[in-house]
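None of the values given here were measured: they were computed from a predicted structure. Heavy atoms only: backbone and side chains are in, while hydrogens, waters and symmetry mates are out.
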Amino acid sequence: MTRDRTSFSFEQRFGISAAIVVALACVSWSLPIAAKYPLSWKWPLDQLLTMWLKFLVAQISFITRGIAHILQMPLDFAIGLLAKGFEIPLGSETVTIPPLSWAGVCATFVWIGYRVGGTRLALLQAACSAYIVLFWQWHAAMLTLASVLVCVPVAVACGLLIGVFAYSRPKLNQWVLTPGLDIMQTVPAFAYLIPTLLLFGFGPVAAMIATVIFATPPMARVTTLALNQTPMEIRELGKMVGCTERQTIWRILLPSSLPSLLVGLNQTVMMTLNMVIVASMIGAGGLGFDVLRALRQLDIDRGFESGVAIVLLAVMLDRQGVALANAAKPGAASSKTLAAMFGVPLAFLIVATLLGTQFDWLREFPKALRLSTGATLNDAVSWININYFDAIEAFRIFVLTHFMTPIKVALTSAPWLFVSGVVTVFAYFVGGARMAFLSAFVFAFCLVTGLWDKAMITIYLCLSATVISVVIGIPIAVLAARFDPLYRATTVAIEVLQTLPSFVYLIPVVMLFRVGDFAALLAIVAFAITPIIKFTMTALRTVPADLVEAGKSMGCSGAQMDFFIRFPVALPSILLGINQALLFALAMVVITALVGTRDLGQEVYIALTAANPGRGLVAGLCLALLGILIDRLFQAGVARLQHRKSSQSFVHGELAAA
Amino acid sequence: MAAPQPSAFPRSRITDHLMVSEMKKDLRNTSENSVKLSCLNIWKLYGPHPDRLTGKEQLLAASRDPHTFTALRDVSLNVRRGEIFVVMGLSGSGKSTLLRCLTRLVEPTFGEVLLDGVNMMSLSAKDLMEIRRHKMAMVFQNFALLPHLTVAENIGLPLRIRGESGGKIESTVSELTALVGLSGMSKRLPHQLSGGQQQRVGLARALTGDPEFLLLDEPFSALDPLIRRELQGELIRLQSRLHKTMIFVTHDFNEAVRIGDRIVIMKDGKVVQSGTPEEIVAEPADDYVGSFVAGVDRTRVITCGRIAAPATAHSYSFTVDAQSKVADVAEAIASAKGAVGVLDGGALKGEIDAGAVLRMVSAVRLAGFNV
Ligand SMILES: Nc1ncnc2c1ncn2[C@@H]1O[C@H](COP(=O)(O)OP(=O)(O)O)[C@@H](O)[C@H]1O
Ligand SMILES: [Mg+2]
């Protein structure tokens, strides 16, 4: 890799690449086989996988069903406690124990909010709970919460164990665990559902297992990172006081990195919530199921109400978690504060539930007081559609014809040999032989599994959404970085947007644009724009003060300051934001299959409904590979740019010194 | 004492190594009871080679590899029981690496470490753990206090790891908290303490297991000058009561002189000079050492015995002890008429006059080199 860089000059390599591209173009457009990959060459990997999985399932189903049975118990308990109550047969009659009263649960949220985050958090919790109660999303919300409550401890425990294991075996971590976690995080959540469905059957437990698998990698990563980032001295202290390896990890390193671990815990909670929503497709029930049903029936009001409930639940859990992580100053939780934190709410819950047996309104919020958007939202949307249909339609058509369709046509109709060849040459150019190999492998995988067209549509959606996100996001970030009130507003907005399960983004676009590529594009942009704004804004605001002062003392105007000082310094972070946006976009493309795009997500979705695990897994793998390729290519490209720049400035430095 | 004289070090690495290998036997023979720890021909190489090299040829081949960085080159030293042994050098000279090789926090690539005559290199992981639990303790530059534990819990940590009972821990901890002057703060968390207080906790924790051997890696370097002086005084006070064997790493020559019974000075992983503070101040081996010595108040280091001239009279109306520092008797010398006598163990050894003191203060001439 290094050798071929030194042996060819930049111009030479450029020339060679250009020649290869021209040659590829000639071959591709003259050879029919190079243009359209023959169907007969397809390698039936999906069928093989399906066969193999079905065989596997037949062999081990008694284990998996056993596991499912064990997991069913805590889940049933949580669901009973929060949503359904218990029916205990006692002799001839059954005794019914009601679920926890809504008033008690709300009071608990508010109380904990107050303990960890003061009055503001308490008010936030109260407002969010009030919505869920007033619009009576209570049962669904509690079903969702029950899944979250059961999944989070399992995911955290698994994550901790894997993280510790990865830390104590660095080689294994580097070669097996990290790539494994990479793939687990880039395979779309959908794709997990299929094998779990197969192994554990339709229902809440399968959903729970898929959720745990999805939410474990971030905790594992955070754990390994936190362990590796503990100061060297602390590790040496462990050795010097004579700790065994296990003592070092569990008594010295993990407790001293508690703040990072709590951040990981919060991430796990949010991932869990996100996945519980997606997993409603295989029977998780709860808010996600309501939204899904509403999406399928295009019942905007119901979908919107449940969607908002998801948002608020996410905000509640996230703010609580963040405040908890901040409040967890090491050692702050003495036994007394712990008693107050958990004892008081326990009392609330018991009292409210007991009273609930006497007073109906404590068991079920009175129907008369409940609110609903009724048909108003539907009417509003219809009104918009009637009055602004032309404008919206014109806009939609404009974007489609002038921006999206050209890219789509270019990507889908170009010969496969040309597309993959050009990207591979580019990969070689920025990242050497290994990158080229990766690129060739990914494209080959798409081809032989017969997913080329869908992969191209995926790339097209992902790229065009990222471009639009950059075009919209960067100006917003620049303005927000400049003006304080806007900065504060944007920060809050982004924090909220980031906690939303990706599913929720579909609701407003479907309301306005129904289905299709354009609606999908909007949802993807809305999802992918957050990292761009966040990274750019933060980077611009955190440019070191002395550099800014240096600029001022040179007499830079505001715009000059941005151009000469802030942007160059912030560029690496901005690029990182764009890289994130690409991955976010890819993750969202999959979900947009629900609004009728024909990408790899659709393939997964079809496989899911047809319970065809091989097909879904192959498409999922294809997506993961594309994600990894995009990520690595982008990073290598950025590194290459910066390498060039730093070597240039080094030359300048030498000249100046001479 | 077999501490290598600087002039005995030729430039070339190869002969270097051979020379000191001879000396290794020499050191073994002097394994008197007074030696607490000795390290013999320690090399530490960072690079693509096995952790431990056995033969000289392997070592030389590895150290010539362009990807190898030699952090320690053939360091040998003896630390005596009950002394404060200072390792001094600029940053990057390998002090921390040396300290960590002595405890096997870093595996030396070559060489041996003997603690109380036991070869540390041949210990199993379990024995090493036992030795660390009972015989040695370390104080860190950035304190290395656990953020989630209170002062008392931090101090008690070594005992808890050993599995001692609660009562013993409690009594030891309260005793030590008082010893380092932190009574009344035992419920605080590290981030509620000042830097100086944090390092007091670090010191107390190092003393918890009642180790015979303390290793301090630049313990006061992260502190403000005033606090640093205060803690140096504290350490000297503690040592006068406890008589531990200490290895104290610092890059501050004044600190080395103030605290150390003996000092080795390191440069690029090699020992360039070793001796008592006075020997080093009086006779710096080269310009590198000389540049450190230049900033030191010599009158507080050099004793009367060293600058005494042969006696010219049989008795003096006024005498000073040969061991007293010049600064402590300067007043007396100045006010005396003519020379004062220097007594060593009661016997007359020589004489000093004001001129001798001035010559010594004007420095440089003593060892005959220029700064
Ligand atoms: N793990 C390592 N790998 C490579 N080089 C190292 C490593 N640790 C220390 N070094 C190098 O060894 C030299 C000595 O380091 P150190 O002992 O920490 O110096 P000091 O404590 O005197 O400042 C330094 O130049 C440092 O860069
Ligand atoms: Mg050091």
Side-chain angles (χ1 to χ4, degrees), chain A residues 1-3 6 116 160 164 168-171 174 222-223 225-265 324-338, chain B residues 96 99-100 102-107 125-164 187-192 201-202 205-206 208-209 211 213-219 222:
Chain A
M1 203 170 103
T2 31
R3 209 177 312 123
T6 45
V116 297
L160 268 179
V164 166
S168 47
R169 300 203 179 35
K171 276 268 154 56
Q174 190 188 349
V222 168
T223 306
L225 195 71
L227 285 173
N228 278 320
Q229 279 182 344
T230 37
M232 192 62 192
E233 284 193 347
I234 297 267
R235 266 181 270 170
E236 290 179 340
L237 169 79
K239 285 192 190 155
M240 282 307 288
V241 296
C243 287
T244 58
E245 195 164 336
R246 192 175 291 176
Q247 280 177 320
T248 311
I249 291 176
W250 293 97
R251 294 177 72 165
I252 309 258
L253 299 183
L254 281 178
S256 69
S257 43
L258 189 67
S260 323
L261 294 180
L262 283 176
V263 173
L265 171 68
L324 198 66
N326 289 339
K329 288 271 153 41
S334 71
S335 51
K336 213 162 134 198
T337 55
L338 271 183
Chain B
S96 301
L99 198 71
R100 282 161 176 71
L102 299 183
T103 55
R104 283 185 61 191
L105 284 176
V106 167
E107 285 296 319
K126 195 158 178 301
D127 293 339
L128 188 62
M129 194 175 85
E130 282 304 311
I131 286 211
R132 285 176 180 161
R133 283 188 179 184
H134 295 279
K135 283 197 153 180
M136 49 172 67
M138 190 155 167
V139 180
F140 298 89
Q141 178 168 4
N142 297 305
F143 322 134
L145 301 182
L146 297 186
H148 61 290
L149 298 183
T150 62
V151 167
E153 288 165 339
N154 262 299
I155 296 179
L157 183 75
L159 293 183
R160 268 186 52 209
I161 296 291
R162 269 196 217 171
E164 303 275 359
K187 290 270 181 298
R188 294 209 196 164
L189 288 168
H191 69 94
Q192 297 166 321
V201 178
R205 181 180 59 193
T208 307
F213 184 38
L214 290 183
L215 301 117
L216 304 95
D217 189 6
E218 308 210 16

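Heavy atoms closer than 4.5 Å to chain B are found nowhere in Thr230(A), neither backbone nor side chain. Heavy-atom distances place no part of Arg162(B) under 4.5 Å from chain A, backbone and side chain included. Heavy-atom distances place no part of Glu130(B) under 4.5 Å from chain A, backbone and side chain included. Proximity to chain B involves both the backbone and the side chain of Pro255(A), based on heavy atoms less than 4.5 angstrom apart. Heavy atoms closer than 4.5 Å to chain A are found in the side chain of Arg205(B), but not in its backbone. For a residue to count as touching a neighbouring chain, one of its non-hydrogen atoms must lie under 4.5 Å from one of that chain's; by this rule Gln247(A) touches chain B with the side chain only.
The two residues Leu146(B) and Arg251(A) make their nearest non-hydrogen contact at CD1-O, 4.4 Å. Shown here for Leu128(B) and Thr103(B), the closest heavy-atom pair between the two residues is CD1-O, 4.3 Å. Shortest non-hydrogen contact noted between His148(B) and Glu153(B) is O-OE1, 4.3 Å. Of all non-hydrogen atoms in Ser260(A) and Ala226(A), the two that sit nearest each other are CB-CB, 3.9 Å.
We find the CZ-CD1 distance between Arg235(A) and Ile249(A) to be 10.5 Å, quoted to the nearest 0.5 Å.
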Check step by step if side-chain contact (heavy atoms from CB on, under 4.5 Å) holds for Leu215(B) and Met136(B). CA-CA 7 Å; Leu215(B) 301 117; Met136(B) 49 172 67; 4.3 Å; yes
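Taking Ala125(B), Pro158(B), Ala144(B) one by one and counting their heavy-atom pairs under 4.5 Å with chain A, the maximum is reached by Ala144(B).
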